[in-house]
Number of protein chains: 2
Amino acid sequence: MGGGYATTEELVDAVARRLAAAGRRLTEHRRRVVGALAETPGPRTVAELTDALGDAIPLSSLYRALAVLVEAGVVERLHEHDGVARYELSEVLVGHHHHLVCRRCGRVVDVAAGGDLDAAIDRLARRLGRRRGFRVRGHHIDFVGECERCPR
Amino acid sequence: MGGGYATTEELVDAVARRLAAAGRRLTEHRRRVVGALAETPGPRTVAELTDALGDAIPLSSLYRALAVLVEAGVVERLHEHDGVARYELSEVLVGHHHHLVCRRCGRVVDVAAGGDLDAAIDRLARRLGRRRGFRVRGHHIDFVGECERCPR
DNA sequence: ATATATGCAAAACTTTTGCATACAA
DNA sequence: TTGTATGCAAAAGTTTTGCATATAT
């Protein structure tokens, strides 16, 4: 996916640079959170993260780490299906993509963006935005449906 | 916008039919909530609704009304920018559309969908979904940027 | 009569914050 | 040594629920 980093090291370097640019440090906590997010593509909830991290990080610290990472442009917060936020590595790190969202269980899966279509959407976006007084910076598509784990 | 209702009466009728189909009644509360949502297009928060309704409906009743309307397919719940849900009349009532979202203040504005593009997106969606074990039922685009009320 | 709807108060949940302590540049 | 980061406990904010009462079919 365009913008993706081949190795974890490269990714961590990029994260460190962005944190530094924001006057923040790359601490152990933050490194682990990025690691957990990098493990699998797609947005994760805080519950899923604590889980993946083996409860190594207290809740408040985890939230603070995520807030800093978001502020530094390393992580994006989104989608709050049922009032729970989901966090994933930002597009500058993993490339432009969209989401398949299960309307039943809320599971979210990344899908690669489709080049031509995205360009067309961006053109449309700028036009629509101009009319409504928005400066459109990007777009995001949710493909909504049911996943195979939620039969019926 | 395809699917829109010309008069409030037509809209209320459609709502009543859907509620009835779900074994629910069209009560005064529910009628008022639909009225408030119909007044202006675009998703509203619960705070905005209580406001628009002049505090006529207790919070818990408002939440319950919205839950029933969502269940009946009359209202959609979405977006929860900063942990606050937004509700709007469902696409079966107001037609397919997308959203301009201000990344600063969270304001959301409806934009008409663009016919050709939406068809292309749906084709892509089905293909992508099939590969990942999702049955895709629809799509939704967020155009993210800054609105004119939030100068940089 | 019987199921559905409402209102109040209390609870549940996610997320944020105050403050004292620990750590890093 | 000065600013940044952490952890605990407490708070804040939104949304849900229990239960008794009222309403509609």
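Lettering follows sequence order; numbering is per chain, from 1.
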Counting the atoms with a prime plus P, OP1 and OP2 as sugar-phosphate, which does B:S60 contact under 4.0 Å by heavy atoms, base, sugar-phosphate, or nothing? base
Between A:L62 (CG) and C:dT16 (P), how many Å, whole number? 11 Å
Starting from P on C:dG7, measure out to CD1 on B:I57 and report it in whole angstrom. 8 Å
State which of C:dA5, D:dT6, D:dT14 makes the closest approach to the side chain of B:T27. C:dA5
Side-chain touch B:L66/B:L49, heavy atoms, less than 4.5 angstrom: yes
To the nearest Å, how far apart are B:E48 CD and D:dT14 C1'? 14 Å
Quick one: is A:R24 getting a side-chain N or O under 4.0 Å of the D:dA5 phosphate, OP1 or OP2? yes
Measure the distance from OH on B:Y63 to C1' on C:dG7 and round it to the nearest whole Å. 16 Å
Contact class for A:A67 vs. all strands (heavy atom < 4.0 Å): base, sugar-phosphate, or nothing? nothing
Less than 3.5 Å between a donor and an acceptor, one on the side chain of A:R64 and one on the base of D:dG7, is that the case here? yes
Classify the nucleic acid contact of A:A85 as base, sugar-phosphate or nothing, counting any heavy atom under 4.0 Å across all strands shown. sugar-phosphate
Please report the distance, rounded to the nearest Å, between CD in A:E28 and P in D:dT6. 10 Å
Can the ring centres of A:H139 and A:H98 be said to be less than 6.0 Å apart? yes
Does any part of the side chain of B:V46, heavy atoms only, come nearer than 4.5 Å to the side chain of B:V84, both counted from C-beta? no
When the distance from CZ of B:R25 to P of C:dT2 is rounded to whole Å, what number comes out? 14 Å
Does atom CZ of A:R135 have more than 12 heavy-atom neighbours, drawn from other residues, nucleotides or ligands, at distances under 6.0 Å? no
B:S61 near the nucleic acid: base, sugar-phosphate alone, or nothing, with a heavy-atom cut-off under 4.0 Å? base
Contacts of A:R103 meeting salt bridge (Lys or Arg N to Asp or Glu O under 4.0 Å) (sequence neighbours excluded), chain-then-number -> A:E146
Nearest-nucleotide check on DNA chain C, A:G83 vs B:A56; residue mapping nearer the 5' end is B:A56
Roughly how many Å is it from CG in A:L59 to P in C:dT17, rounded to a whole number? 15 Å
Rounded to whole Å, please give me the gap between OH in B:Y87 and C1' in D:dT14. 9 Å
